[in-house]
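For this chain, numbers begin at 1 and follow the sequence in order.
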Amino acid sequence: MREQEKPMTIRLPYWIRMNTKALIYLILIVFTLLTITRSDELPSNQTAVKRWINGVLKEAEQNSQIHPDSIIHDIRSALDSANQYRLQPEINLLLTQLGNCYFYSNRYSLALHHYYQLLENQRAVRDDLGQCRSFNRIGRTYSYSNNHEKAMQSYYEAIKLAERIPDRQAYAVAINGLGISYYILGDLNRARELCTQALSIFSELSDDYGKANAMEHLGIIAYRINDYDQARDYYQTALDIKTKLYPHYLLEIGELMDELAAAYIKQKQFTKALKLLNQLLDYRQRTHNTNREANLYFRIANLHTEMEQIDQAMPYLTRAYQMYRQHGNLRALYNVSLKLYQIYKNHYHDPQQTIRYLEEYSSLKDSITNTENRSRISDMAIKHETEKSRIEIEKQRYFNRFLILTILVVSLSLIILGYQFRKNKNLNRELTQKNSQIMEQKNLLQETNQHLLLQQQEISKQAKNMEYMNQKLNRL
């Protein structure tokens, strides 16, 4: 009867099976280490943390131009959390908003610090469009801080990136900002050419916000060449766009109102200018920026003074003086004190008040320098703490990576050593088995030789007996 065939099975060699197990163990070890090293960074409520960060971002977008100082603390807290959890997209968005808040609160050095930090993050992942937008923000900040050489360098970097991507909207933002830099440097023709080109691109893209900014810049250029009618048209159109579509951009709307009022003043239309400045006063009060509000009180007072309405100017001057003193704005307080000194001396002829404000504005000269130095030191301390926190986080990241890499190397080394050990062990086992077989064969040969020797002796004995018998028979 034919034997039943056994099913064919594939059996992997022993060393492959053992190394497969080791690889599985290695994967489990690495996964466990990743879990351990991130256990303090990825809490179970990560979704809730992300939701909180998104809420902070939304609030920052809405309020960065209304009361930026009030939300800086929340943004910094959210940024610390995002760094701890390594939420890179949220980190970049928070850096953008934090830079914007410092920009709108006139702390340009801190704004630049965070914009550059954002730029480094974008370079690390080769985000060309993000870098382009960061260069535009950096250029704008340098322009507002009167460093126009660096502003132009930043805008040219943005232009190169925008042309390489390509991205026409980012390109238009860059040339629009570059136009203002040329305007500051006195090249009005080049400035107008760039801003007009930007306006054309924004119009093609239906970018109303960009179009309003380009019109504002063209209005500034027209104002510079004493074309006040055209300046007013540009300012009014830009103001209408931003008031209608971007009502929460209070600072930008306020700047347009201020520029439009200046054009009215140049044309001696003081009544329209005063009406516009009083509307602007409502915007300033809504932004909770007391310095800007006080500046506007001082501006209105100066306009009343120019119209020889001293009595109407005094309430605004007094209010500006109180606000500057309350918030310690020494330079502005110096200007208001000087103005009050001149009014009390030349108009009211009040010796007591004249002497009071003369002494005050004289004593403020020394204090201004000391305060500005302290402010610089404070900004440097904040930048140092921020940089220190970032460096500590980077160190922790590198340590975690080094730890994982070290464990991987050690694990691989152990696998290789284990493989060599098992290989040598198998070889020794095979050698032992072969030695055992050889010994068995040797013993078998020895037994066979002994048996043959005995047989030979028996045969020799029988042969001798036969010979003896033959001899005996021959004798008979």
Side-chain angles (χ1 to χ4, degrees), residues 60-61 63-73 75-76 79 92-122 130-158 173-174 176-185 213 216-217 220 249-256 258-259 284 287-295 324 327-332 368-387 390:
E61 175 67 25
N63 297 324
S64 60
Q65 294 193 35
I66 299 176
H67 40 86
D69 289 333
S70 66
I71 58 174
I72 285 176
H73 175 73
I75 297 176
R76 292 184 67 86
L79 182 59
N92 290 347
L93 291 172
L94 288 165
L95 285 172
T96 301
Q97 291 300 333
L98 190 55
N100 290 344
C101 287
Y102 283 124
F103 172 81
Y104 289 122
S105 59
N106 303 326
R107 287 181 276 182
Y108 300 123
S109 61
L110 290 174
L112 286 169
H113 173 73
H114 291 91
Y115 287 150
Y116 273 116
Q117 190 174 345
L118 171 63
L119 183 62
E120 289 179 8
N121 293 347
Q122 291 163 339
Q131 291 179 65
C132 181
R133 290 170 177 168
S134 291
F135 274 120
N136 279 329
R137 295 186 190 98
I138 291 168
R140 177 189 63 173
T141 309
Y142 275 128
S143 180
Y144 271 77
S145 58
N146 296 319
N147 192 337
H148 300 289
E149 181 179 354
K150 287 192 175 182
M152 294 181 74
Q153 292 174 0
S154 300
Y155 284 131
Y156 275 120
E157 289 292 335
V173 172
N176 192 41
L178 188 61
I180 282 297
S181 295
Y182 276 109
Y183 158 80
I184 296 296
L185 296 176
N213 286 335
E216 181 182 6
H217 289 179
I220 293 172
Y249 287 3
L250 299 185
L251 291 178
E252 296 180 19
I253 292 172
E255 287 179 359
L256 282 166
D258 201 357
E259 291 160 348
R284 290 286 187 260
T287 60
H288 305 282
N289 189 319
T290 53
N291 276 328
R292 289 179 182 269
E293 185 181 346
N295 290 339
Y324 287 142
H327 295 280
N329 191 334
L330 299 183
R331 184 172 292 278
I368 289 173
T369 303
N370 295 332
T371 302
E372 290 178 347
N373 289 337
R374 286 196 298 269
S375 178
R376 291 193 194 97
I377 293 172
S378 176
D379 287 350
M380 290 176 64
I382 292 174
K383 287 194 290 187
H384 173 72
E385 289 298 324
T386 304
E387 187 67 17
R390 187 184 69 82

Side-chain heavy atoms of N213 within contact of E252, under 4.5 Å: yes
side-chain contact (heavy atoms from CB on, under 4.5 Å) partners for N100, two or more places apart: T96, Q97, Y104, Y115, R137, R140
Of all heavy-atom pairs between F135 and A158, which one has the smallest distance, and what is that distance? CB-CB, 3.8 Å
Scanning both residues in full, the closest heavy-atom pair of A111 with Y102 reads N-CB, 3.7 Å
NE2 of H113 to CG of L98, rounded to nearest 0.5 Å, is 9.0 Å
What distance separates I72 CD1 from R76 CZ, expressed to the nearest 0.5 Å? 8.5 Å
Value rounded to 0.5 Å, distance of CG in N92 from CG in L118: 5.0 Å
Given Y183 and H217, is the ring pair (Phe, Tyr, Trp, His ring centres under 6.0 Å) satisfied, shown in steps? CA-CA 9 Å; Y183 158 80; H217 289 179; 8.9 Å; no
Contacts of E255 meeting salt bridge (Lys or Arg N to Asp or Glu O under 4.0 Å) (sequence neighbours excluded), chain-then-number -> none
How many angstroms lie between atom CD of Q117 and atom CD of E120, to the nearest 0.5 angstrom? 7.0 Å
Exercise: identify the closest heavy-atom pair between I180 and S143: CG2-OG, 4.0 Å
L256 CG to E216 CD distance, which is reported to the nearest 0.5 Å: 4.0 Å
Nearest 0.5 angstrom please: I138 CD1 to L119 CG, how far? 5.0 Å
The side-chain contact (heavy atoms from CB on, under 4.5 Å) partners of L93 (sequence neighbours excluded) come to L57
Within a strict 4.5 Å, meaning less than it, do heavy atoms of the S154 and N136 side chains meet? no
Looking only at heavy atoms, the pair that brings F103 and Y108 closest together is O-CE2, 3.5 Å
By salt bridge (Lys or Arg N to Asp or Glu O under 4.0 Å), which residues pair with E293, not counting sequence neighbours? none
If the condition is side-chain contact (heavy atoms from CB on, under 4.5 Å), which residues does S181 pass it with, not counting sequence neighbours? A151, M152, Y155
All side chain to side chain donor-acceptor pair (under 3.5 Å) counterparts of N147, not counting sequence neighbours: none
Do the side chain of Y324 and the main chain of N295 share a donor and acceptor less than 3.5 angstrom apart? yes
Identify the two heavy atoms, one from S134 and one from Q122, that lie closest to each other, and give their separation to 0.1 Å. OG-OE1, 2.7 Å
Begin from the C-alpha positions of I71 and H73 and carry the test side-chain contact (heavy atoms from CB on, under 4.5 Å) through to its verdict. CA-CA 5 Å; I71 58 174; H73 175 73; over 6 Å; no
